[in-house]
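What you see is a predicted model, and the numbers here were worked out from it, not measured in a lab.
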Amino acid sequence: LLVVFSQRFKKIINMATQMISAQATFAACAPVASRTRNTVKVSAKGAMFNKGTNALKSVVVQPKRVVRSLAVAPRAEGMKFAGKGLEELVAESKDDRLKHLEEQAMGALKLAVEGFSNPVFPNAMIAGDTVITHLLHRLGYLSSGKCKVMCVDTFHLFPETMEFLKDIEKAYDFKAEIYQAQDCADKSVYDAKYGANLWQINVEEYDRVCKVEPFQRGLKETGCNVMINGRTRWQGIERAWIDLYESAPIGGGLAKVNPLAYWTFEDTFNYIAKYKILHHPLHAQGYPSIGDAKDTIPIPEDGSVKFVDFKFEGKKTAWLDYAQERKGRFVGLKNADGSVKSECGIHVAGAEKTFDRDLWSVDSKVMNIATQEEALALKKADKKSVLVVYAPWCQFCQGMEKEYEELAATLSAEGVTVAKFRGDQDKAFVEANFNTKTYPTINVVGNGEATKYESEDRVAAALSKFAMANM
């Protein structure tokens with residue numbers, strides 16, 4: 001047994017020695033290739049690699065040579081290429097890249113502005129948008145009014161954002177068209193109409209009200225037939241395949257130009273630094289991208305990376321690596337399907353298709369109460385009625401649509417009115433007059449009173465029992 005074991009052990013040692021010898025020979029040969037401008041010269045040892053494994057096995061390599069061959073050689077101090085140092089060459093290559101990107105972006109902007117009658121630039125004041133603003137200014141398209149600028153104020157932006165807009169308007173001699181939630185002059189009106197926490201209750205509806213609808217309305221009112229946009233491939237997988245020219249999924253198709261499509265985030269800040277471009281003040285406080293204050297954070301969260309006086313402080317790769325630009329956006333938000341939110345809805349296919357079907361609208365026995373006056377009249381009437389305060393996007397309202405329709409069919413036979421009032425656009429009003437905190441809220445109304453149905457059992461039989469008990 002000892003003899004057999006000894007023979008097998010010796011065989012294993014021989015095999016391992018051959019493997020180490022071959023690997024070490026390859027490691028020793030690989031670094032000795034030297035390049036000239038047009039040819040590659042390989043040393044005699046290197047040439048042996050091309051003769052096959054037998055030649056490799058015949059090469060004797062000292063073990064200490066293996067360690068030296070596998071080590072990464074340090075960058076030589078004072079290394080020169082055609083008389084130029086490494087730092088000089090890197091700086092030149094970056095400058096050449098910026099010149100190419102600048103020429104490409106300006107060509108795209110010229111095509112958009114000169115080739116269409118109503119170019120519009122929706123400006124969010126993020127880093128890329130400030131570059132586009134600078135380029136449009138250099139081309140003379142802002143002060144001349146050849147290109148319109150529009151902004152969406154969600155009522156949830158950082159205070160610095162709208163102040164920064166004033167700064168660039170003054171610096172570049174233009175006036176932006178500002179769009180907000182429809183029929184909301186300011187945040188207080190918005191809060192009264194939709195509620196300050198709409199974004200927490202239903203983020204898709206918040207996006208529709210505060211972003212998508214104002215954005216769509218802005219494009220229509222400005223007569224936009226080509227949209228200039230700051231999206232880039234570097235921003236993440238959702239945008240990894242965008243091109244310089246696209247057809248936007250808006251209104252059946254709209255020409256879109258993405259002048260920075262092929263820029264990295266590093267390119268953007270290198271360009272800002274090169275031309276000392278005005279940029280959002282929150283970059284100096286650790287924010288790589290700026291959106292709503294409620295869900296935007298610095299990256300890293302400790303604010304250790306900043307862009308101050310046109311230079312980075314801290315480990316800039318936290319911002320500049322792929323898809324890091326928007327890492328601090330939409331923090332804590334999820335889509336209806338539970339996936340992590342990464343888009344506000346403006347730039348996705350079907351952006352104009354929000355919840356466009358009302359509830360109890362086709363051949364329904366449910367009476368529609370359209371105005372506050374009509375709702376108050378129903379509440380003051382001597383004859384009592386049933387009224388649901390609802391939101392068409394609410395899953396619980398959608399879930400009770402069939403049962404409430406059945407209730408209307410049953411009670412209408414008894415001469416009782418069953419009605420609906422859309423409350424998500426009149427939040428303060430329904431809170432004050434119809435016991436509404438959430439949707440749906442069902443009341444029996446009449447004689448100036450509203451008696452709330454407190455149960456979550458929204459089947460027709462239970463609703464009918466409650467209604468008849470309070471008539």
Side-chain angles (χ1 to χ4, degrees), residues 181-184 187-202 205-206 208-209 355 357-471:
Q182 196 164 29
D183 300 324
C184 294
K187 181 69 160 57
S188 63
V189 176
Y190 166 84
D191 287 349
K193 187 170 185 177
Y194 296 101
N197 63 342
L198 176 61
W199 66 274
Q200 294 173 308
I201 297 172
N202 188 296
E205 180 65 4
Y206 166 78
R208 184 191 73 81
V209 170
F355 193 87
R357 183 185 72 82
D358 197 8
L359 303 181
W360 307 292
S361 58
V362 180
D363 299 326
S364 176
K365 293 187 178 298
V366 177
M367 177 187 291
N368 181 43
I369 304 299
T371 67
Q372 292 183 8
E373 290 74 20
E374 290 177 2
L376 291 176
L378 197 68
K379 182 179 179 180
K380 293 177 182 177
D382 294 335
K383 188 176 181 180
K384 290 189 175 182
S385 305
V386 179
L387 178 68
V388 61
V389 179
Y390 75 104
W393 44 263
C394 170
Q395 61 177 319
F396 302 108
C397 296
Q398 295 168 19
M400 65 167 280
E401 185 175 18
K402 182 179 178 181
E403 295 293 331
Y404 197 70
E405 182 65 43
E406 184 179 329
L407 174 71
T410 300
L411 293 188
S412 62
E414 303 292 330
V416 177
T417 297
V418 176
K420 65 171 184 174
F421 180 75
R422 182 168 179 175
D424 61 315
Q425 296 179 350
D426 268 310
K427 187 85 161 126
F429 172 74
V430 295
E431 283 182 356
N433 294 281
F434 295 99
N435 306 309
T436 303
K437 294 293 183 182
T438 60
Y439 308 109
T441 296
I442 302 166
N443 291 281
V444 169
V445 297
N447 298 320
E449 297 180 350
T451 304
K452 184 178 179 180
Y453 179 62
E454 298 289 355
S455 173
E456 293 185 3
D457 181 8
R458 302 186 184 100
V459 299
L463 293 174
S464 179
K465 183 178 179 180
F466 164 75
M468 298 311 295
N470 288 278
M471 288 295 165

Problem set entry | Any donor-acceptor N/O pair, S464 side chain to A461 backbone, under 3.5 Å | no
By side chain to side chain donor-acceptor pair (under 3.5 Å), T438 pairs with (sequence neighbours left out) none
**Request:** Please tell me if the side chains of I442 and M400 come closer than 4.5 Å, counting only heavy atoms from C-beta onward.
**Result:** yes
In this structure, OH of Y453 is separated from OG1 of T441 (nearest 0.5 Å) by 12.5 Å
Rounded to the nearest 0.5 Å, the CG atom of D424 sits from the NZ atom of K193 at a distance of 9.5 Å
Tightest non-hydrogen contact, residues A450 and N435, listed as O-ND2, 3.1 Å
From the list L359, V388, V389, side chain to side chain contact (heavy atoms under 4.5 Å, CB included) partner of K420 resolves to V388
Here the gap from E403 atom CD to D457 atom CG, rounded to the nearest 0.5 Å, amounts to 9.0 Å
Distance col, row N433:CG vs Q372:CD, nearest 0.5 angstrom, shows 8.0 Å
Between the CZ atom in F466 and the CE atom in M471, the distance rounded to the nearest 0.5 Å is 8.5 Å
In terms of heavy-atom contacts, A181 and Y190 come closest through CB-CD1, 4.1 Å
Looking only at heavy atoms, the pair that brings Y194 and C184 closest together is CE1-SG, 3.9 Å
Just do the side-chain contact (heavy atoms from CB on, under 4.5 Å) check on F429 and L376 with the steps written out, would you? CA-CA 10 Å; F429 172 74; L376 291 176; 3.8 Å; yes
* Intermediate values then yes/no, side-chain contact (heavy atoms from CB on, under 4.5 Å), V386 and Y404 -> CA-CA 10 Å; V386 179; Y404 197 70; 3.7 Å; yes
Closest heavy-atom pair, V366 versus A408, reported as atoms and distance to 0.1 Å, is CG2-CB, 3.7 Å
Using a strict threshold of under 4.0 Å (side-chain N to carboxylate O), is an ion pair present between D426 and R422? no
- Would K402 and E405 pass as an ion pair if we require N to O under 4.0 Å? no
Can you tell me if N447 has over 12 outside heavy atoms packed within less than 6.0 Å of its CG? yes
When rounded to the nearest 0.5 Å, the distance separating CG of D191 from CG of N197 is 9.0 Å
Kindly indicate, with the supporting measurements, whether the criterion side-chain contact (heavy atoms from CB on, under 4.5 Å) is fulfilled by K365 and V418.
CA-CA 8 Å; K365 293 187 178 298; V418 176; over 6 Å; no
Between K187 and A196 the two heavy atoms that sit nearest each other are NZ-CB, 4.3 Å
Closest heavy-atom pair, C394 versus Y439, reported as atoms and distance to 0.1 Å, is SG-O, 3.5 Å
Are the side chains of F434 and K379 in touch, meaning some heavy atoms are under 4.5 Å apart? yes
Give me the ring orientation class for W360 and Y390: parallel if the planes are under 30° apart, tilted from 30 to 60°, perpendicular past 60°. perpendicular
Evaluate the side-chain proximity of M468 to L411: yes if any heavy-atom separation is below 4.5 Å, no if none is.
yes
